[in-house]
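Notes to accompany the following structure.
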Amino acid sequence: MHVFKFKSSIWKSPLRHHLIARGKARMENPASNILENVQDYYGKVLQSSNDLKTQACVTPGKAVNKFVLGAISEVHPEVSARYYGCGLVIPPHVASAKVLDMGSGSGRDCFALSKLVGASGEVVGIDMTPEQINVANQYIEYHTKKFNYAQSNVKFVQGYLENLSGAGLQSNYFDLIVSNCVVNLSPDKKSVLSEAFNVLKPGGELYFSDVYTDTDLSDEVRKDKVLWGECISGALHWKGLHSLAKEIGFSKPYLVSCSPINIDREDFKDILGNARFCSVTYRLFKLPSDVKKFSGGQLIYNGEIPGHEDSFLFDHKTDLKTETPACVSSDVMTVLQSCRYKDEFDFDPGVKEVCCAKAPEEEDPFEVIKSKEDKGEKVEAACCGPKSGCC
């Protein structure tokens, strides 16, 4: 057995007290340890999406409109190779918007959004991993020239999602926040969502994909470093999002799409037991404090959003066809008249809500998936890796 010997002069110095305090802080602050493990996993362990060990952090195979697909296709291959998202997080109508990408990684979604918002828009990516930020910064000039911009409209900031204001991001500034399979990596999801609420403008939208579970995960699962890095151990129970959204002040979460996540490795199955996981894209809104609440009514989508000329998908139950009157519930009517989509609709709140199907306050994504499967609809699992080329 090898015994390390310390010089007494060092061990009796203030350094000793610093080391003890630091070690004690690390033991008493498991959240800090989790963030350090995630930094290491995404900065040093993973070098490309081929290194992922589960299907949680890859994009579900689903159709992408040509407008968005064109922007994604212009992103540099090196950036796309380090993409670890679990769903597409580019909503409609982003022209000239100020957009924040929480957990921007190597910058794939940021650079695609840079193209879509145009020269008058602005995109900010924030990530805590230096290696990822370095990759993103290397390709700012490339994409500025690629998109024929006089100057870049995208920048990257190293910082923590739990403290956006500490990273220098302004309150009430962004029209849209996106996030792609990142919130689950944080041990303090309430702080992440609270900070997002703070930097959004009134009427702003949080549009994000993440991993959710249907059970309370065991301590064994929560402490597994690999499964945490793979977006599994940190998954929030789907009901938890509804509770946090209400507590913080967001609108109810609107479920846009969901896909099952299949765990194939036997050793992971042994740890996870009967827990189920899925990838869900939600949209939440920061409604103005003085928002006027409308009754349900009728509206007509004008079909003028590029890439969405035929219809506008608000959530998985509300697909609004162009120039076709549609009845919506009071909450949807209120949201659409309070956000950046308001000029894309003609509203007639005079139609009684009795004609409108009202979605339940909390929709179980696992039941949504089961319902689609029971109807014979094809439900793609989150298994579209980099070699399949879907996104």
Side-chain angles (χ1 to χ4, degrees), residues 30-61 82-89 102-103 105 127-129 132 161-162 179-190 192-193 208-241 244 253 255 257-282 364-366 368-370 379-386:
S32 176
N33 292 342
I34 289 172
L35 291 177
E36 288 183 16
N37 291 336
V38 171
Q39 270 187 313
D40 185 70
Y41 198 71
Y42 282 85
K44 298 179 174 63
V45 176
L46 299 181
Q47 297 303 309
S48 78
S49 46
N50 289 321
D51 297 325
L52 293 166
K53 298 173 178 60
T54 70
Q55 299 169 351
C57 293
V58 289
T59 303
R82 296 177 68 106
Y83 171 71
Y84 310 121
C86 66
L88 189 68
V89 292
M102 296 196 307
D127 200 281
M128 68 176 180
T129 310
Q132 294 280 61
L161 307 190
E162 299 84 356
S179 184
N180 203 333
C181 202
V182 171
V183 176
N184 67 83
L185 295 173
S186 172
D188 186 1
K189 295 166 181 60
K190 181 180 177 181
V192 173
L193 295 175
F208 73 115
S209 291
D210 214 79
V211 177
Y212 297 88
T213 185
D214 65 341
T215 190
D216 293 325
L217 299 176
S218 68
D219 288 342
E220 181 186 11
V221 173
R222 294 295 190 193
K223 293 177 181 178
D224 191 289
K225 293 181 181 180
V226 173
L227 284 174
W228 196 289
E230 291 283 325
C231 306
I232 295 295
S233 291
L236 186 67
H237 192 292
W238 66 267
K239 286 187 177 182
L241 176 65
L244 287 175
L255 193 159
S257 63
C258 51
S259 303
I261 293 173
N262 299 322
I263 306 297
D264 296 326
R265 280 182 47 166
E266 292 299 325
D267 55 339
F268 289 164
K269 287 182 181 180
D270 290 341
I271 298 172
L272 296 170
N274 295 323
R276 294 184 297 168
F277 300 87
C278 65
S279 168
V280 189
T281 298
Y282 284 108
D364 182 342
F366 296 94
V368 172
I369 292 170
K370 183 178 183 300
V379 180
E380 298 283 0
C383 58
C384 174

Hey, is the main chain of N180 close enough, under 3.5 Å, to the side chain of S209 for a donor-acceptor pair?
no
Give me the atom names and distance for the closest heavy-atom approach of G229 to L185.
O-CD2, 4.0 Å
About how many Å separate CG of D214 and NE2 of H237, when rounded to the nearest 0.5 Å?
6.0 Å
Rounded to the nearest 0.5 Å, what separation is found between the CD1 atom of I369 and the OG atom of S259?
6.5 Å
First locate atom CG of L161, then atom CE of M128, and finally report the distance between them rounded to the nearest 0.5 Å.
8.0 Å
Correct closest heavy-atom pair for L255 and V280 would be CG-CG1, 3.8 Å
In terms of ring plane angle, is the pair Y282 and Y212 parallel, tilted or perpendicular, where the classes change at 30° and 60°?
perpendicular
Between F366 and F277, does the ring pair (Phe, Tyr, Trp, His ring centres under 6.0 Å) criterion hold? Intermediate values first, please.
CA-CA 8 Å; F366 296 94; F277 300 87; 8.1 Å; no
Hey, could you give me the CG/CG distance between D219 and D224, rounded to the nearest 0.5 Å?
12.5 Å
Where V183 and V192 come nearest, the two heavy atoms and their spacing
CG2-CG1, 4.3 Å
State whether the side chain of S218 and the backbone N or O of V221 hold a donor-acceptor pair below 3.5 Å, judged by distance alone.
yes
Exam field: side chain T281 to backbone S257, donor-acceptor pair closer than 3.5 Å
no
Where do T213 and I232 land on the side-chain contact (heavy atoms from CB on, under 4.5 Å) test, with the steps shown first?
CA-CA 8 Å; T213 185; I232 295 295; over 6 Å; no
Hey, could you give me the CG/CZ distance between L272 and R265, rounded to the nearest 0.5 Å?
11.0 Å
Taken to the nearest 0.5 Å, the spacing of N184 CG from S233 OG works out to 9.5 Å
Under 3.5 Å, side chain of S186 to main-chain N/O of D188, donor-acceptor pair present?
yes
